[in-house]
Amino acid sequence: MSDENQTSPKPVSMDDIVSLCKRRGFIFQGSEIYGGLSGTWDYGPLGLELKRNIMKLWWEMFVDQRDDMYGVDAAILMNQKVWQASGHVDTFTDPLVVCNKCGQSYREDQLDYTKACEKCGAKDNYGQARQFNMMLKTNIGPVDNESSISYLRPETAQGIFTNFKNVVDVFYPDLPFGIAQQGKAFRNEISPRDFVFRSREFEQMEIEYFIHPDTWEESFERWVEQVHKWCDALGLPKDSVHELEVPEEDRAHYSKRTIDFEFDYPIGRKELLGLAYRTDFDLGNIQRVSGKSMEYRPKDGSTAFVPHVIEPSFGVERAIMAVLTSAYTEDEVNGEKRSYLKLPAHLSPVKVAVSPLLKNKPELVEKAKEVHQLLKKEIGAVMWDDNGNIGKRYRRQDEIGTPYCVVIDFETLEGDTKDTVTVRNRDTTKQQRVKIADLAAQLSKA
RNA sequence: GCGGGUGUAGUACAACGGUUAGUAUGCAAGUUUUCCAAACUUGAGAUGGGAGUUCGAUUCUCCCCACCCGCACCA
């Protein structure tokens with residue numbers, strides 16, 4: 001689906017991004033020193049900052065800035081009944097049957113044994129059905145038997161549903177309200193692909209927004225708007241984000257409406273996040289399996305009911321890839337090609353770099369260190385950089401998306417311009433003089 | 001999981017069945033440099049892992065691992 005209507009194709013390739021991520025300390029192959037482990041990735045100092053900034057932005061936007069949202073942080077390991085109730089145990093254990101001749105695999109429930117293999121035409125040459133489970137299984141405690149089985153959660157959502165009653169009992173929020181959670185999830189993907197796009201261990205940010213069933217349509221529409229606001233906040237170009245209305249036959253059976261928000265990645269147009277109306281499927285299952293009531297009793301005394309949910313589900317790694325894709329820019333400065341990350345300032349791993357114009361002039365270095373300490377206290381993510389010459393530092397900071405470079409030069413030390421520094425803008429490469437006293441305020445505002 | 005491809009310093013590339021495996025860039029130390037990857041000196045740094053063939057393997061063969069491209073999968 002990415003072949004047609006590809007709008008504003010980015011010149012950036014996946015290799016550019018992977019290479020930059022590694023070269024500059026964003027993302028590395030997991031367990032690389034031992035030859036790697038498929039589907040796992042490690043975050044370096046800068047990637048970690050970027051990831052945290054994205055997750056922080058999300059939390060501010062969807063939890064801190066709202067009155068109707070509650071956060072939880074549920075355990076990754078959960079009682080196996082959670083996954084029986086949710087349907088994951090059943091739907092994740094599809095038996096697979098493999099053609100002995102060509103190795104083509106089929107789901108047993110969809111295979112007609114009387115027919116020849118669709119791929120190679122071999123007849124009556126199917127292997128034994130074997131279970132394939134997308135959930136990563138483990139055992140709790142010293143015994144290794146049926147009852148000790150547990151799974152690394154394949155989604156964070158169930159940790160929200162299982163805490164629905166707790167949140168209602170303690171806070172009794174007015175409906176509608178939402179519960180939000182960020183955290184790791186695990187899937188034993190058959191083939192992890194496309195850098196961090198599909199991996200076996202990943203980070204999710206999910207919301208279950210509880211509503212009265214009569215209001216689902218308007219609530220859904222509001223979430224569509226919210227999702228677009230989120231994409232704007234990530235700095236994604238509007239023409240790179242697409243709504244895909246998922247047709248009924250492709251939706252989960254309990255979902256009455258699902259929109260996949262897709263992004264134009266270097267690997268094509270792929271899902272960035274999902275928005276689904278899940279009805280009362282999840283709470284209903286919990287009620288059925290646990291025997292505990294999941295009903296919500298409105299404060300006005302009207303009839304109690306099991307709330308329905310709208311579920312916006314965000315993948316952190318997919319957001320990171322979209323942000324990097326959008327931010328990666330190439331232009332020319334003084335005839336030299338330059339590549340840089342045009343990140344929104346609130347996402348940049350480093351907010352400000354501080355340099356002495358020349359590193360062999362102690363008076364400059366001393367003053368610069370002073371300014372560095374000052375800014376570090378005020379802004380936090382401030383980097384000291386005195387490597388090479390000033391142009392080199394600018395390029396290096398450009399490439400990791402640092403929005404501002406502060407340079408202490410001889411004008412800082414004396415004359416009318418005493419105690420002013422140069423502030424250089426990443427995107428325009430223009431610079432202006434700013435009083436040291438105003439620096440922190442001006443940079444954190446910008 | 002299937003088919004195809006790839007695997008050499010941090011990155012991007014070279015080379016070769018045979019002495020110290022090169023180049024660029026990056027990195028580290030130093031000299032220098034008054035604003036956009038200047039220059040010089042020095043230094044560290046690699047044949048993914050394991051078997052086999054061979055007098056000798058980074059090179060050839062096999063197995064494993066990882067990544068890339070297709071297919072399948074993606075509740």
Side-chain angles (χ1 to χ4, degrees), chain A residues 13-16 18-25 28-41 44 83 86-94 96-107 110 117-120 127 130 132-135 154-155 157-158 187-195 197-198 200 250-255 260 267-268 270-271 274 276 281 332-340 355-361 364 387-399 405-413 421-426 428-431 433:
Chain A
S13 75
M14 208 56 213
D15 285 344
D16 290 334
V18 175
S19 170
L20 176 95
C21 280
K22 183 152 194 214
R23 198 173 59 233
R24 293 301 188 186
F28 307 104
Q29 168 74 51
S31 309
E32 192 181 18
I33 202 116
Y34 290 113
L37 179 65
S38 179
T40 62
W41 301 91
W83 308 111
S86 69
H88 283 82
V89 171
D90 291 337
T91 53
F92 268 58
T93 49
D94 292 327
L96 284 182
V97 177
V98 177
C99 167
N100 285 333
K101 188 175 176 209
C102 69
Q104 178 69 21
S105 57
Y106 297 93
R107 278 174 55 171
Q110 290 175 0
C117 173
E118 283 175 20
K119 194 175 177 191
C120 67
R130 63 193 162 81
F132 180 72
N133 195 315
M134 287 266 288
M135 285 197 289
E155 61 171 34
Q158 292 306 319
R187 293 181 196 183
N188 196 7
E189 294 286 352
I190 295 172
S191 64
R193 273 295 164 85
D194 300 322
F195 196 33
F197 186 85
R198 183 185 298 133
R200 295 204 163 108
D250 294 340
R251 289 196 303 259
H253 64 91
Y254 47 79
S255 178
D260 284 348
I267 51 172
K270 306 255 187 178
E271 186 178 344
F281 177 75
E332 277 193 9
V333 176
N334 301 332
E336 292 271 353
K337 206 182 96 177
R338 131 181 122 129
S339 61
Y340 66 107
S355 293
L357 179 60
L358 299 171
K359 70 170 166 182
N360 65 347
K361 297 287 186 288
L364 288 180
N387 187 299
N389 61 45
I390 191 67
K392 212 174 234 188
R393 292 175 219 156
Y394 286 154
R395 294 304 174 83
R396 187 214 309 254
Q397 294 300 328
D398 286 345
E399 202 171 24
C405 290
V406 167
V407 174
I408 284 70
D409 56 21
F410 293 98
E411 293 176 48
T412 310
L413 303 178
V421 296
T422 300
V423 176
R424 183 264 196 182
N425 181 297
R426 174 195 66 200
T428 63
T429 74
K430 295 275 182 329
Q431 38 196 31
R433 290 209 78 81

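Residue numbers begin at 1 in each chain, while the letters A, B, ... track the order of the sequences.
The separation between A:Arg198 atom CZ and B:C71 atom C1' is 12 Å, rounded to whole Å. One atom, CD of A:Glu271, and another, P of B:A75, lie 9 Å apart when rounded to the nearest Å.
Regarding contacts with the backbone of B:U33, a side-chain N or O of A:Asn360 is found under 4.0 angstrom from either OP1 or OP2.
Rounded to the nearest Å, the gap between the P atom of B:U58 and that of B:A37 is 42 Å. Taking atom P in both B:G52 and B:U59, the straight-line distance is 14 Å, to the nearest Å. Taking the C1' atoms as reference points, B:A9 lies 10 Å from B:A44, given to the whole Å. Nucleotides B:G56 and B:C64 place their C1' atoms 25 Å apart, quoted to the nearest Å. Taking atom P on both nucleotides, B:A14 is separated from B:G48 by 15 Å, rounded to a whole Å.
Residue contacts shown for A:Gly39 are limited to sugar-phosphate atoms, with no base heavy atom under 4.0 Å away. Note on A:Gln431: a base of the nucleic acid sits closer than 4.0 angstrom, heavy atoms only. Heavy atoms of A:Tyr34 sit nowhere under 4.0 angstrom from any nucleic acid atom. When heavy atoms are screened at a 4.0 angstrom cut-off, A:Asp398 is found touching no nucleic acid atom at all. Among the protein residues, A:Glu411 comes within range of no part of the nucleic acid, since none of its heavy atoms lies under 4.0 Å from any strand. The residue A:Ser191 sits close to a base: some heavy atom pair falls under 4.0 Å. At a threshold of 4.0 angstrom between heavy atoms, the contacts of A:Thr422 include nucleobase atoms, whether or not backbone atoms are also involved.
Of the listed nucleotides (B:A37, B:U33, B:G1), B:U33 has the atom at the smallest distance from the side chain of A:Lys361. When the nucleotides B:U33, B:C2, B:C36 are ranked by their closest atom to the side chain of A:Arg193, B:C2 comes out on top. For A:Arg23, taking side-chain heavy atoms from C-beta onward, the closest of the listed nucleotides B:A37, B:C69, B:G10 is B:G10. With B:A75, B:G26, B:C35 as the choices, the nucleotide that has an atom nearest any side-chain atom of A:Leu357 turns out to be B:C35. When distances are taken from the side chain of A:Lys22 to each of B:G10, B:C71, B:A37, the shortest belongs to B:G10. Distance from the side chain of A:Ser19 is smallest to B:A12 among B:A12, B:A37, B:C27. Candidate nucleotides B:C36, B:A75, B:A28 were compared by shortest atom distance to the side chain of A:Asn387, and B:A28 ranks first.
Across all strands shown, B:G3 forms a Watson-Crick or G-U wobble pair with B:C69, both key distances being under 3.5 Å.
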